[in-house]
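Just below is one structure, and these are the notes that go with it.
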Amino acid sequence: MDMKVKQKKLNLKDRYNLMTRDLDWEPSYQKKSDIFPYLAYEGIKIHDWSKFEDPFRLTMDAYWKYQAEKEKKLYAIIDAFNQNNGHLQVTDARYINALKLFLTGVSPLEYMAHRGFAHVGRQLGGAGPRVACLMQSLDEIRHSQTQIHSMSNYNKFYNGFQNFRHQHDRVWYLSVPKSFFDDAVTAGPFEFMVSIGFAFEYVLTNLLFVPFVSGAAYNGDMAAMAFGFSAQSDEARHMTLGLEMIKFILEQDPDNLPIVQRWIDKWFWRGYRVLTLVAMMMDYMLPKRVMSWKEAWETYAEQNGGALFADLARYGITVPAGWTQACKDKDHISHQAWATFYNYGAAAPFHTWTPSESEMEWLSAKYPDTFDKYYRPRFEHWAKEAAEGKRFYNTTLPMLCQTCQIPMVFTEPDDPTKIAYRESDYSGMKYHFCSDGCKGIFDHEPEKYIQAWMPVHQIYQGNCFTPEADPSAPDFNPLAEVLKWYRMEMGRDNLDFEGSQDQKNFKAWRDLATAN
Amino acid sequence: MSNVFIAFQRNEETRSIVDAILADNPEAVVNMQPAMVRIDAPNTMVIRRSTVEEQMGRPFDLQELHVNLITLTGHIDETEDEFTLSWKH
């Protein structure tokens, strides 16, 4: 007699194996090295790709199901926010400038991450990481789409959003995040996994998408809250992929350790430098603050990052070379960055301001050792000048660090009154750096970084004007011409928040929304 | 020893998940922040499907965690019945 055996549902492990490794095959008429041509030249040795396993064991069928649910939730919140004129519910229109910075500085990076993972996911030799990279590639394009979609609502009402993609490739400070990703996608597949999977996801996205996005919610921006948290739930998988890749590479061969350590040193420092923008967004651009940059750094970098490095110690990994300095800098970088944007507020497509007295009190309380001593006097001086009708705008261009491309504004780790300068000679040229970290990165791969597109150099060489510009004209105004090339409108998209069209409109609309 | 943590969006669904975590992890500490909730625990944290189901009053697939998850830290070990975060040092 035939017995009907009840078919058992596959468990998570078996399903994962069937849906990843079992989709792979051994090539019969092509050499593996021809199919995966980028696996050898970085020096990483992998002996058994089947040892890689995604601990989430997410397969494509489950991925579609949960991503679809996340997407529905996200668009429901965005629609509700837009229908309800949510932009008038934010604390203050100053907040919206943080979104302008986000849209120009971060969303195009999501798109680059999509491209990077689509490429690397094709190039890695194992089915497990290829499937995980495919999911990450899809996640990243979703992030750039949801961010652009969320912020498009603000673009209907406020200035500065309209040319974000054009500006990402041109505006001076956007070369900082752009060069970070350009550096990563032009590396080999293993370095890309360490740079983006590890440094960007673990170090950067937790600080951007957790405390800053919680701050966005605190300031009434449900649209940014929705895309931010929805993105970060993917990042949790991405961080895991980065960490699993590092562990996998280290377990495969002891020769891999020094290569991985160098990448960790490099990409921690590069990621940390990009984070300067987030530090400033948290301390200066959220009218209602959720936590200081210093507190966020202590929680997400020192505590959680510290735990991660303590864990990787069993493989011989040590904390990144710049770690000690980064932990010292937490008292300084947000103030130094905001002062820089205040200086160059005529050349950035968002508004800047001096902090109000109550904001300075908050900063004094959060930064008792540094704010009153080093930074408050400068902001008070600028506020006084502005009140006298002499708002300070810097009209010269700063020297940039050849590696991170940030203006040379950071101070020595142990002396906040002294600007840090480092230099290297290479092929008869002198190159300048903001820190030991950036100099070390350059010295190891000078041929890569001498090719950097440095905005200030390009402006001085005359490469940042529209074709109609005539530098020989007697009334030629270089700043005005550069802004034209950026597609920024002088006096509308830039300058102080006080007196701006955004400020006036927000007040007028909010008054209408609360009166009959 | 280090803390592991997990953070969720603050909503009705995650209220049950947070309660389940607290029931199964006596040393866990909850930290409420605008729109999010973070739970820290020394060294290890376990999320049990059965406890979440009791709290929610409906069947729950642990992979549903992805829907409201914000971020986490630690090594992950996931089965049908338990989702565990831990450090190995």
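Labels below follow one simple rule: chain letters A, B, ... track the order of the sequence lines, proteins then strands, and each chain is numbered from 1.
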So what's closer than 4.5 Å to chain B heavy atoms on A/T240: side chain, backbone, both or neither? side chain
Can you check whether anything in residues 11-33 of chain B gets within less than 4.5 Å of chain A, heavy-atom wise, and list it by number? B/N11, B/Q33
Rounded distance (nearest 0.5 Å) linking atom CZ of B/R10 with atom CE of A/M225: 11.0 Å
Does any heavy atom of chain A fall under 4.5 Å from the side chain of B/F5, the backbone, both, or neither of them? side chain
Closest heavy-atom pair and its distance - B/P34, A/S214: O-OG, 2.8 Å
Please determine, among A/A310, A/A313, A/A217, A/A216, the option with the most heavy-atom pairs under 4.5 Å with chain B. A/A310
Any side-chain heavy atom of B/R38 within less than 4.5 Å of one from A/V210? no
Closest-packed option against chain B by number of heavy-atom pairs under 4.5 Å, given A/S233, A/G306, A/A236: A/S233
Heavy-atom distance under 4.5 Å to chain B: side chain of A/R314, backbone, both or neither? side chain
Starting at CG of A/N304, measure out to CH2 of B/W87 and round the result to the nearest 0.5 Å. 7.5 Å
From B/S2 atom OG to A/D311 atom CG, the distance as rounded to the nearest 0.5 Å: 8.0 Å
Looking only at heavy atoms, which of residues 59-82 of chain B get nearer than 4.5 Å to chain A? B/D61, B/Q63, B/E64, B/H66, B/V67, B/N68, B/L69, B/I70, B/T71, B/L72, B/T73, B/G74, B/H75, B/I76, B/D77, B/E78, B/T79, B/E80
Just so I understand: if I count every heavy-atom pair under 4.5 Å between each of A/Q303, A/Q67, A/E235, A/K73 and chain B, which residue has the most? A/K73
Could you tell me which portion of B/A35 (side chain, backbone, both or neither) has an atom closer than 4.5 angstrom to a non-hydrogen atom of chain A? both
Pick one of side chain, backbone, both or neither for A/M291, based on which atoms fall under 4.5 Å of a heavy atom in chain B. side chain
Winner by heavy-atom pair count (cut-off under 4.5 Å) against chain B, out of A/T205, A/V290, A/N206: A/N206
Where does A/L12 contact chain B at under 4.5 Å (heavy atoms): side chain, backbone, both or neither? both
